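On a predicted model such as this, the values are computed, not experimentally measured, just so you know. Proteins come first, then strands; the chains are lettered A, B, ... in the order of their sequence lines, and each starts at number 1.
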Amino acid sequence: MKNVSIIGVGLHPFGRFGDKQALEMGRDAINLALADAGVSWDQVQRGFAGSHEVSNPDAIVGKMGLTGIPFFGVFNGCATGNTSLTMAANAIENGEADIAIAVGFDKHPRGAFGGDPSVLGLPAWYGETGLFLTTHFFGMKINRYMNQYGITQRTLARVAAKNFGNGARNEKAWRRTAMDEDAILDAPYLNYPLTQYMYCAPNEGAAAVVLCRRDQASKYTDRAVHLLASELRTRRFGAFEMQSPSLPANGVPSPTVDASRAAFAVAGVGPEDVHVAQLQDTDAGSEIIHLAENGFCADGDQEKLIAEGWTNIDGGLPVNTDGGLMANGEPIGASGLRQVHEIVVQLRGEAGERQIAGPHQVGYTHLYGSPGTGAVAIMSR
Amino acid sequence: MEATRTPIAEGLFTRADGEARLIASRRLSDGSVSFPAVPEGDHVETILLSSIGTLFTWTTQQFPPPSPPYAGVVDKASFEPYAVGYVEFPEGVLVEGRLTVRDPEQLLIGQEMTVVIVPFTIAGESPHEVETFAFAPAGTRGEVEANAAEAGAR
């Protein structure tokens, strides 16, 4: 991706906001992003909006101003934020717009995601007997990973404690109380080996990103961040993925591996060049697995690296510096754009209390979503 | 006694020579196996999976699942946490199912697991038992089936 820059980001806090509508949160996020970019709504030529709960997210134009521009609703489960980003970026790369916007907003009811198995083509008995839960996948994937690569439950707790600690430094996070590892470990299990404090939860919030032709970015800002790659991949036959009554033995790598390799190839950088990363932490185990699946370490090295603080804000590869999904919760449509917001803020050096100490030239975001989608974006200053 | 319970769905499992077996499909073009079975045709044959496989991975469900779609007992006073897992069969397929035990000490990845048929309570206005398949640590099948028979006799 040669000609796309991010000139503005906006984040409505994630949490619970009473009667406030998802679209109102989306409007606030867009207004913050426009102000950050120094452009007005009238200058936006194309938009992409992602939401799980709002069936027509393009209705956001009704909150912003009816300028008649093409505005598209998009959805790819928990990877939705990458889809809106990619499509806005492609619109610019393809010459369809000079300025485009990606926005996501959601307002989920409390509790785990339920739903109807038939929507995913699954038989009724699969739901009736208690197998249709996305959280089982996370528990099962990390349980096997720990068994294969010698990862301990203490490491799960370290990841959770790190993310809640980062959230405590983020005024827009939902969970802003640091927790110690023992309290996390001693909490009741939700799905073995994951305890109650090792999961993110669905909530509410919105995020927006304003993108612009790279050769015009300097007209609006001197703090542009360039989008080097944004790639999404679905699962290949044999990948170990959620909500599968059966899977072939002798599997193939996760779609995260494919998306990551594709993004690094397009961006022309490697894992060793990345200074700060956002990795989908649906649960503490996911963050551990995603470190390896995205090429940042070998399988099993996480046990030592995390104990040494490698993924802390002051470590070699700070991960989820804003607290990630665990501290922010997950409004699905917005979550991936929150990641982009954090990377942009870190690359600009504007992250305040949670600013990474070392160089901050290259940043990375990763999403993983049902029913087996990996998505990666790479940015540079 | 067992005849009083109907399967939760047709075509998932059967009993052959006293052993519970899962009914699966094998695609003729590449030999890949999937469960549950799809209708037989020119490109797919129906097979029975072995009665024993190995535990690929597992987790537990400690809180009542969203209902619907869950049809079991969900009121907090009587909800029983349960375990689920994937068992790898020699036919080259991992199958997901409920496990008969949920104690981490009794569930070691790689251990042998046996296919069993167990009662499952459908809650609601007229609670009743149906049968479904599950996986039991190998060597405990007799015990599991005795318990199932007892439950059926109640």
Side-chain angles (χ1 to χ4, degrees), chain A residues 109-148 153 187-196 199 202 237-251 283 285, chain B residues 7-12 22 24-25 30-36 49 53-72 74 81-98 102-104 107-110 118 120 122 130 132-134:
Chain A
R110 285 170 204 281
F113 291 111
D116 177 356
S118 70
V119 171
L120 290 173
L122 293 164
W125 62 264
Y126 187 73
E128 288 162 0
T129 58
L131 301 178
F132 184 67
L133 282 100
T134 56
T135 59
H136 290 174
F137 165 76
F138 300 109
M140 288 194 284
K141 187 169 179 180
I142 190 60
N143 198 13
R144 181 168 174 85
Y145 194 86
M146 291 165 74
N147 177 271
Q148 283 192 298
Q153 286 183 292
Y189 288 119
L190 291 185
N191 309 102
Y192 181 92
L194 299 168
T195 71
Q196 163 182 6
Y199 269 111
F237 182 69
F240 185 76
E241 297 298 337
M242 61 176 65
Q243 296 172 332
S244 306
S246 75
L247 289 162
N250 306 318
D283 63 285
Chain B
I8 187 145
E10 288 301 324
L12 295 180
L22 297 178
S25 291
D30 62 0
S32 64
V33 175
S34 62
F35 174 86
L49 298 182
T54 56
L55 186 60
F56 183 81
T57 188
W58 63 277
T59 188
T60 56
Q61 178 62 31
Q62 304 286 151
F63 60 94
S67 177
Y70 187 59
V74 291
Y82 57 91
V84 302
Y86 280 97
V87 168
E88 180 169 2
F89 287 91
E91 289 76 14
V93 65
L94 314 177
V95 177
E96 186 181 9
R98 290 173 72 111
R102 63 170 196 268
D103 176 2
L107 292 169
L108 301 176
I109 287 170
V118 295
F120 179 74
I122 303 286
V130 296
T132 190
F133 68 96

Answer with side chain, backbone, both or neither: which region of [X] has an atom nearer than 4.5 Å to a non-hydrogen atom of chain B?
X        : result
A/Asn143 : both
A/Phe138 : neither
A/Phe237 : side chain
A/Phe137 : neither
A/Ser244 : both

Relative to chain B, which of A/Gln148, A/His136, A/Met140 shows the most heavy atom pairs under 4.5 Å? A/Met140
Does [X] use its side chain to pair, donor to acceptor, with the backbone of [Y] at less than 3.5 Å?
X        : Y        : value
B/Thr57  : A/Lys141 : no
A/Tyr189 : B/Gln61  : no
A/Ser246 : B/Ser34  : no

Check step by step if side chain to side chain contact (heavy atoms under 4.5 Å, CB included) holds for B/Ile8 and A/Thr129. CA-CA 9 Å; B/Ile8 187 145; A/Thr129 58; 3.5 Å; yes
If only side-chain N and O atoms count, and only distance matters, is there a donor-acceptor pair under 3.5 Å linking B/Glu96 with A/Tyr126? yes
In terms of side-chain heavy atoms, does B/Gln62 have a donor or acceptor partner in A/Asn191 at a distance below 3.5 Å?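 The criterion, which ignores hydrogens and geometry beyond distance, is not satisfied for A/Asn191 and B/Gln62.
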I'd like to know whether CG of A/Asn250 has more than 12 heavy-atom contacts from other residues, nucleotides or ligands below 6.0 angstrom. no
Write down the atom of A/Leu133, the atom of B/Pro66, and the distance for their closest heavy-atom approach. CD2-CD, 3.9 Å
Do you know which two heavy atoms are closest between A/Pro245 and B/Tyr86, and how far apart they sit?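 In terms of heavy atoms, the two residues are closest at O-CE2, 4.4 Å.
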Is the B/Phe133 to A/Trp125 ring centre distance short of 6.0 Å?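 Yes, the ring of B/Phe133 comes within the 6.0 Å limit of the ring of A/Trp125, centre to centre.
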Highest number of heavy-atom pairs under 4.5 Å with chain A: which of B/Val33, B/Leu55, B/Thr132, B/Ile109? B/Ile109
Please identify, among B/Trp58, B/Phe89, B/Phe35, the residue contributing the most non-hydrogen atom pairs under 4.5 Å to chain A.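 Answer, by heavy-atom pair count under 4.5 Å with chain A: B/Trp58.
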Is B/Leu12 close to chain A through its backbone or its side chain, or both, or neither, when contacts mean heavy atoms under 4.5 Å?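 Contact with chain A involves the side chain of B/Leu12 alone.
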Which atoms of B/Glu88 approach chain A - backbone, side chain, both or neither, heavy atom under 4.5 Å: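 Answer is side chain: those atoms of B/Glu88 sit under 4.5 Å from chain A.
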Taken to the nearest 0.5 Å, the spacing of A/Ile142 CD1 from B/Thr59 OG1 works out to 11.0 Å
Quiz item: cation-pi between A/Arg144 and B/Phe56, 6.0 Å / 45°: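 Yes, cation above the ring, under 6.0 Å and within 45°.
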